[in-house]
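Single-structure report; data block below.
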Amino acid sequence: MPSWQHITYSNEIKDGHFGKSVAVGGWAQEVRNLGGISFLQLRDRFGVIQITSLKKRDPELFRQMTTIQRESVLLITGTVKESGEAKAGFEVIPETVAVLSEAMTPLPLGVVDKVGADLDTRLNNRFMDLRKPETRAIFQIRAKALEGIRGYLTSEGFVEVTTPKIVAAGAEGGATLFPIKYFDKSAYLAQSPQLYKQNLMGTGLDRIFEIAPAYRAEASDTVRHIAEFTSLDIELAFIESSEDVMAVAEGIAYNGLRHVKEAASEQLDMLGVEIPIPETPFPRMTYSEAIDLLKANGMKVEHGDDLGTEGEKLLGDVIMRERGCELYFITDFPTSLKRGTFYAKRHDDDPERTGYFDLDYMGQEIVSGGQREHRYDVLVEQMKENSMDLDSFEFYLKAFRFGMPPHGGFGFGIERYVQKMLHLPNIREAVLYPRDRLRLIP
RNA sequence: GCCCCGGUAGUGUAGCGGCCUAUCAUCCGAGCCUGUCGAGCUCGGGACUCGGGUCCGAAUCCCGACCGGGGCGCCA
């Protein structure tokens, strides 16, 4: 029997293989027995190979081939034969067939059945779901997006770091924390690397990024929330304003899309998705302009209100209609809406406004960030305003007393980015094993 | 956390007080077929989430639990 290391993948078989012997391996996708001839579709990571056997050629092998359970793992040796009838232009005439792992029946979820399955059923049987090329395509595209983003950030001088996910205190108000036991202390799962990445701005590692899970114990059950998501966090120092930070957010969103389009076109075709490459710079409007725009489009909203889900969606529609843009910034959020964000820098000439911005993608917030307050005294004032216990943030504050450059950054939601890019109806589709309020398995 | 909706074969569904011995497709099994690739044909198999209640009678109505879908709030 040939060694597993020597299998030839479906996409490697070329004209030169015709008449030659190969070993192929994969899952038995479908077996079709026509009586005197049978076809077995063997699926591997790149595609499908048709294994054709004739009864009169080898009755025993024919019997074996036609009684294989779907989705069993097979290792087959045989001869590659050019074929006008086979879809790939060739087929393999088997000599030996080894069932390496037999699949039980019935399958918990069909891979090529002609009926759909609910997302819940698919997630409960994710390993089966991922045997579908179009499901895997999402994660191949996601990997390419991250590849493009890492390439861009590296070329811009950013250093990739990893900060603790087990922490003593949370960064932001609002979002709730998952408490955990930590030896004889109580701790939390990090909701954001906020405090650590700001800490690093005082070190000389002053352009950093991190791609890591973030945990939010919010009891929100929507198609755009999960309890564990991948946060791309950026922080950069020696900036002049939030505009320097926005330029990076723009570069990430742009380069991720461009790389996906270049390097994952096959997967995009599989999903029937066309990615328009956005023009830069992305449109920018202030919060105040956004409110006016919403009012002009018939929404009941006042200056000082949150945009809300309805406002975000409407804004996405309006901007697509009027400017043809999927990605756009909303800037200068009022201090009243960012009061909980104690580290946000307020405008020097107007303390009621911050330099904080959101980057929205088709009516969905995917990035939030801005310039931070780096002046110790002002920061402490803002924390007191939020009734925060300064002692428990001492490690954070200390760095501001010994030389902290002006800086800013943001969090970029990878799954939301992928969800919007691929028009996925639910963010859970963009996570291999999503965690939400009720789902802990698998 | 709040509001609305739903749970029927492995999968996806129809049925919404007696016509249900529960529909259809997919799937699984037996058989026929030497070019299938949404194969075709014949025959067979498989289900009303759980616990209470109403009623002569419950898949169907009511209550609770569990699970799921959507929306809002909050956010990435």
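Residue numbering restarts at 1 for every chain, and letters A, B, ... go by the order of the sequence lines.
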Given the [atom1] atoms of [N] and [M], what is the spacing between them in whole Å?
{"N": "B:rG51", "M": "B:rA58", "atom1": "P", "result": "15 Å"}
{"N": "B:rC75", "M": "B:rG38", "atom1": "P", "result": "49 Å"}
{"N": "B:rU26", "M": "B:rA39", "atom1": "P", "result": "10 Å"}
{"N": "B:rU21", "M": "B:rC3", "atom1": "P", "result": "39 Å"}
{"N": "B:rC50", "M": "B:rG10", "atom1": "P", "result": "12 Å"}
{"N": "B:rG69", "M": "B:rC61", "atom1": "C1'", "result": "23 Å"}
{"N": "B:rA65", "M": "B:rG57", "atom1": "C1'", "result": "26 Å"}

Across the strands shown, which category fits [X] at heavy-atom distances under 4.0 angstrom: base, sugar-phosphate, nothing?
{"X": "A:V367", "value": "sugar-phosphate"}
{"X": "A:T222", "value": "base"}
{"X": "A:L54", "value": "base"}
{"X": "A:V48", "value": "nothing"}
{"X": "A:Q419", "value": "nothing"}
{"X": "A:A86", "value": "base"}
{"X": "A:L232", "value": "nothing"}
{"X": "A:G35", "value": "base"}
{"X": "A:G110", "value": "nothing"}
{"X": "A:D118", "value": "sugar-phosphate"}

Give a yes/no on whether any side-chain N or O of [X] is located under 4.0 angstrom from OP1 or OP2 of [N].
{"X": "A:R216", "N": "B:rC75", "value": "no"}
{"X": "A:Q194", "N": "B:rA76", "value": "no"}
{"X": "A:S192", "N": "B:rA76", "value": "no"}
{"X": "A:R428", "N": "B:rG68", "value": "no"}
{"X": "A:S83", "N": "B:rG35", "value": "no"}
{"X": "A:K114", "N": "B:rG12", "value": "no"}

In whole angstrom, give the distance that lies between atom [atom1] of [X] and atom [atom2] of [N].
{"X": "A:M65", "N": "B:rG35", "atom1": "CE", "atom2": "C1'", "result": "15 Å"}
{"X": "A:F62", "N": "B:rU36", "atom1": "CZ", "atom2": "C1'", "result": "12 Å"}
{"X": "A:N33", "N": "B:rC32", "atom1": "CG", "atom2": "P", "result": "9 Å"}
{"X": "A:R439", "N": "B:rC67", "atom1": "CZ", "atom2": "C1'", "result": "11 Å"}
{"X": "A:L424", "N": "B:rG70", "atom1": "CG", "atom2": "C1'", "result": "17 Å"}
{"X": "A:L440", "N": "B:rC67", "atom1": "CG", "atom2": "P", "result": "12 Å"}
{"X": "A:E312", "N": "B:rC74", "atom1": "CD", "atom2": "C1'", "result": "11 Å"}
{"X": "A:E85", "N": "B:rU34", "atom1": "CD", "atom2": "C1'", "result": "10 Å"}

Partner nucleotide, any strand, of [N] [Watson-Crick/G-U, under 3.5 Å]:
{"N": "B:rG45", "value": "B:rC27"}
{"N": "B:rC2", "value": "B:rG71"}
{"N": "B:rA59", "value": "none"}
{"N": "B:rC66", "value": "B:rG7"}
{"N": "B:rU34", "value": "none"}

Just checking, is any N or O donor in the side chain of [X] or [Y] under 3.5 Å from an acceptor N or O on the other one?
{"X": "A:E352", "Y": "A:S336", "value": "no"}
{"X": "A:Q64", "Y": "A:E60", "value": "no"}
{"X": "A:R353", "Y": "A:S288", "value": "no"}

Ignoring hydrogens and angles, does a donor from either the side chain of [X] or the base of [N] sit under 3.5 Å from an acceptor on the other?
{"X": "A:E91", "N": "B:rG35", "answer": "yes"}
{"X": "A:K55", "N": "B:rU34", "answer": "no"}
{"X": "A:Q50", "N": "B:rU36", "answer": "yes"}
{"X": "A:R70", "N": "B:rC28", "answer": "no"}
{"X": "A:N426", "N": "B:rG69", "answer": "no"}

If you check the [X] side chain, which of [options] turns out closest?
{"X": "A:K87", "options": "B:rA39, B:rC37, B:rC72", "answer": "B:rC37"}
{"X": "A:I226", "options": "B:rU36, B:rA76, B:rC28", "answer": "B:rA76"}
{"X": "A:R437", "options": "B:rC33, B:rU36, B:rG1", "answer": "B:rG1"}
{"X": "A:R416", "options": "B:rC75, B:rU34, B:rG73", "answer": "B:rC75"}
{"X": "A:D120", "options": "B:rG68, B:rC74, B:rU36", "answer": "B:rG68"}
{"X": "A:S368", "options": "B:rA76, B:rA39, B:rU13", "answer": "B:rA76"}
{"X": "A:K313", "options": "B:rA76, B:rG35, B:rG71", "answer": "B:rG71"}
{"X": "A:D113", "options": "B:rG10, B:rC74, B:rU11", "answer": "B:rG10"}
{"X": "A:T121", "options": "B:rG69, B:rG12, B:rU36", "answer": "B:rG12"}

Are [X] and [Y] within salt-bridge range, i.e. N to O under 4.0 Å?
{"X": "A:E243", "Y": "A:R284", "value": "yes"}
{"X": "A:D305", "Y": "A:K300", "value": "no"}
{"X": "A:E365", "Y": "A:R224", "value": "no"}

Could you tell me how the ring of [X] sits relative to the ring of [Y]: parallel (under 30°), tilted (30 to 60°) or perpendicular (over 60°)?
{"X": "A:Y343", "Y": "A:Y356", "answer": "tilted"}
{"X": "A:F158", "Y": "A:F209", "answer": "perpendicular"}
{"X": "A:F412", "Y": "A:Y417", "answer": "perpendicular"}

message = Out of the candidates A:D360, A:D358, A:L359, only one should pair with A:V367 under the side chain to side chain contact (heavy atoms under 4.5 Å, CB included) rule; please name it.
response = A:L359
message = Ring centres within less than 5.5 Å and planes less than 30° apart: is that true of A:F412 and B:rA76 in this structure?
response = no
task = Could you say whether A:V115 or A:G84 is positioned toward the 5' end of RNA chain B, judged by the nucleotide with the nearest heavy atom to each?
result = A:V115
inquiry  = Go nucleotide by nucleotide along RNA chain B from the 5' end; which of A:S231 and A:K81 gets its closest nucleotide reached first?
reply    = A:K81
